[in-house]
Protein chains: 2
Amino acid sequence: MTDTHQPPRGTGAELKRAILDEARRRLESGGYPALSTRKIASAVGCTATSIYLYFNSKDALIHALIEEGFEDLNSKMMAAIEGDGPVLERLKDAARAYVRFGLERTAYYEIMFMLRPEQMERFPAESYRRARRSLDAFASFASVSPAEGLKRGTIVLTALHGLVALLIAQRVDAQLDREELIESAIHAACTAAVAPPF
Amino acid sequence: MTDTHQPPRGTGAELKRAILDEARRRLESGGYPALSTRKIASAVGCTATSIYLYFNSKDALIHALIEEGFEDLNSKMMAAIEGDGPVLERLKDAARAYVRFGLERTAYYEIMFMLRPEQMERFPAESYRRARRSLDAFASFASVSPAEGLKRGTIVLTALHGLVALLIAQRVDAQLDREELIESAIHAACTAAVAPPF
DNA sequence: GGCTCTAAGTTTACACTGTCAACCACGCCT
DNA sequence: AGGCGTGGTTGACAGTGTAAACTTAGAGCC
């Protein structure tokens with residue numbers, strides 16, 4: 001498990017890549033707690049402090065992973081949104097993509113959305129906004145004004161986040177049929193988003 | 001700040017109380033990170049290991065705080081639910097109570113709902129269910145069957161959780177009017193909950 | 001009084017964590 | 001040859017939660 005395989009590691013930029021690769025591997029297999037600077041270093045064949053030559057802090061390393069996660073999530077949602085078909089159906093497809101991402105790439109989802117702010121320096125707001133293009137796409141849907149669109153898009157995303165977060169934390173009643181719950185929640189959130197203003 | 005006031009601390013059950021009190025104080029003033037066994041101990045005038053005489057682990061201590069949080073949250077929501085007035089309005093009032101709790105007692109909310117499962121042994125499921133009486137009340141609303149009610153109640157709670165969690169993490173666009181967003185999200189979630197099945 | 005038994009706390013230690021300051025080694029340039 | 005910067009390591013610091021062993025105080029009983 002603590003795979004101390006020592007592939008002739010590179011140096012300089014190569015080492016940086018190796019560190020990032022190892023961090024990604026560990027995140028995917030062991031989640032956030034597996035991201036220890038010392039463990040990453042020993043697996044990659046360098047010392048813990050060498051990581052600081054390429055990342056200002058552990059958080060900076062994690063930010064790089066978060067960025068990767070946003071890239072994946074965004075592309076999946078954009079693909080759904082840019083499809084053809086009725087607006088509501090595309091919205092739902094994007095929502096399904098979001099939920100699927102959260103449940104399949106749980107470790108990524110956690111570092112992207114579930115780290116408490118004091119626990120980690122917040123992902124830079126600027127990157128976050130850029131990373132959130134899909135929200136803008138959401139916002140452009142079925143909205144009278146841009147402001148109303150932003151609001152509605154945000155509401156959908158918060159609803160989806162709550163669903164995913166509680167599912168991940170296993171804080172949803174086990175009696176419920178998972179798939180049915182998800183589909184119903186998506187339906188509720190998306191139809192509300194395209195409903196006439198109240 | 002690291003108030004090493006040493007009030008003639010008690011012993012036995014009194015010490016346990018003192019520990020819990022200090023933990024609560026620290027949680028409220030400094031959030032989750034302020035909950036260090038050593039800091040609590042030194043503030044209360046005993047050693048860190050003494051805490052383990054009364055709590056099996058740090059998590060057990062936190063569980064006690066979580067229980068307090070649920071008690072507060074539950075009573076507030078139940079008060080709203082058991083009021084008089086139309087169902088939808090009572091539902092919204094309960095939702096408002098939930099959101100207000102999350103935004104006012106943030107530190108409590110975080111340990112109750114936002115700790116990642118690996119980070120802390122999950123709050124015992126049995127306690128959690130008991131702590132969640134308000135969900136059952138939700139479920140009893142506007143539902144054809146109990147199963148449908150549970151599902152709808154869960155969907156509302158997930159939506160509210162997502163809203164609160166992202167607000168706390170400051171991951172909601174700052175341009176949005178906070179109060180308006182909250183009110184709209186509550187409206188969307190609650191009206192969907194009492195809508196006819198789709 | 002003197003013995004034992006027990007409960008309550010403390011001391012000490014272990015294995016971690018992220019990170020910083022000082023140090024060393026090498027290749028390039030003058 | 002000498003100086004310098006770049007890349008990396010060593011060793012340390014200040015934390016963390018927690019387990020094992022030790023000490024101390026008090027109660028019950030002969």
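Just so we're on the same page: letters track the sequence lines, and every chain starts at 1.
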Residues which pass side chain to side chain contact (heavy atoms under 4.5 Å, CB included) with Ala95(A), listed by chain and number, not counting sequence neighbours: Leu160(A), Ile186(A), Cys190(A)
Which residues share a salt bridge (charged side-chain N to carboxylate O under 4.0 Å, His left out) with Lys76(B), sequence neighbours left out: Asp72(B)
For chain A, the stretch of DNA chain D it reaches, first to last nucleotide, under 4.0 Å of its heavy atoms: dG7(D) to dA12(D)
Counterpart residues, side chain to side chain contact (heavy atoms under 4.5 Å, CB included), relative to Ala41(A) (two or more places apart): Cys46(A), Ala48(A), Ile51(A)
Counterpart residues, side chain to side chain contact (heavy atoms under 4.5 Å, CB included), relative to Thr154(A) (two or more places apart): Leu135(A), Leu150(A), Thr158(A), Val172(B), Leu176(B), Leu181(B)
Heavy-atom protein contacts under 4.0 Å, nucleotides 9-22 of chain C, coded B base, S sugar-phosphate only, - none: BBBBB---BBBB--
Five-pair end axes of the helix from dG1(C)-dC30(D) to dT30(C)-dA1(D), angle between them (10°): 40°
For Tyr52(A), ring pair (Phe, Tyr, Trp, His ring centres under 6.0 Å) partners two or more places apart: none
Validation: residues 77-90 of chain B side-chain donor-acceptor distances under 3.5 Å, sequence neighbours left out:
unit_1, atom_1, unit_2, atom_2, d
Arg90(B), NE, Gly85(B), O, 3.2
Arg90(B), NH1, Ile81(B), O, 3.0
Arg90(B), NH1, Gly83(B), O, 3.4

Steps toward ring-ring contact (aromatic ring centres under 6.0 Å, His included) verdict (Tyr98(B), Tyr109(B)): CA-CA 10 Å; Tyr98(B) 183 96; Tyr109(B) 192 86; 5.8 Å; yes
Set of ring pair (Phe, Tyr, Trp, His ring centres under 6.0 Å) partners for Tyr54(A), sequence neighbours left out: none
Qualifying salt bridge (Lys or Arg N to Asp or Glu O under 4.0 Å) pairs with a residue from residues 27-36 of chain A, counting only residues at least two apart or across chains: Glu28(A)-Arg105(A)
For Lys16(A), all residues meeting salt bridge (charged side-chain N to carboxylate O under 4.0 Å, His left out), sequence neighbours excluded: none
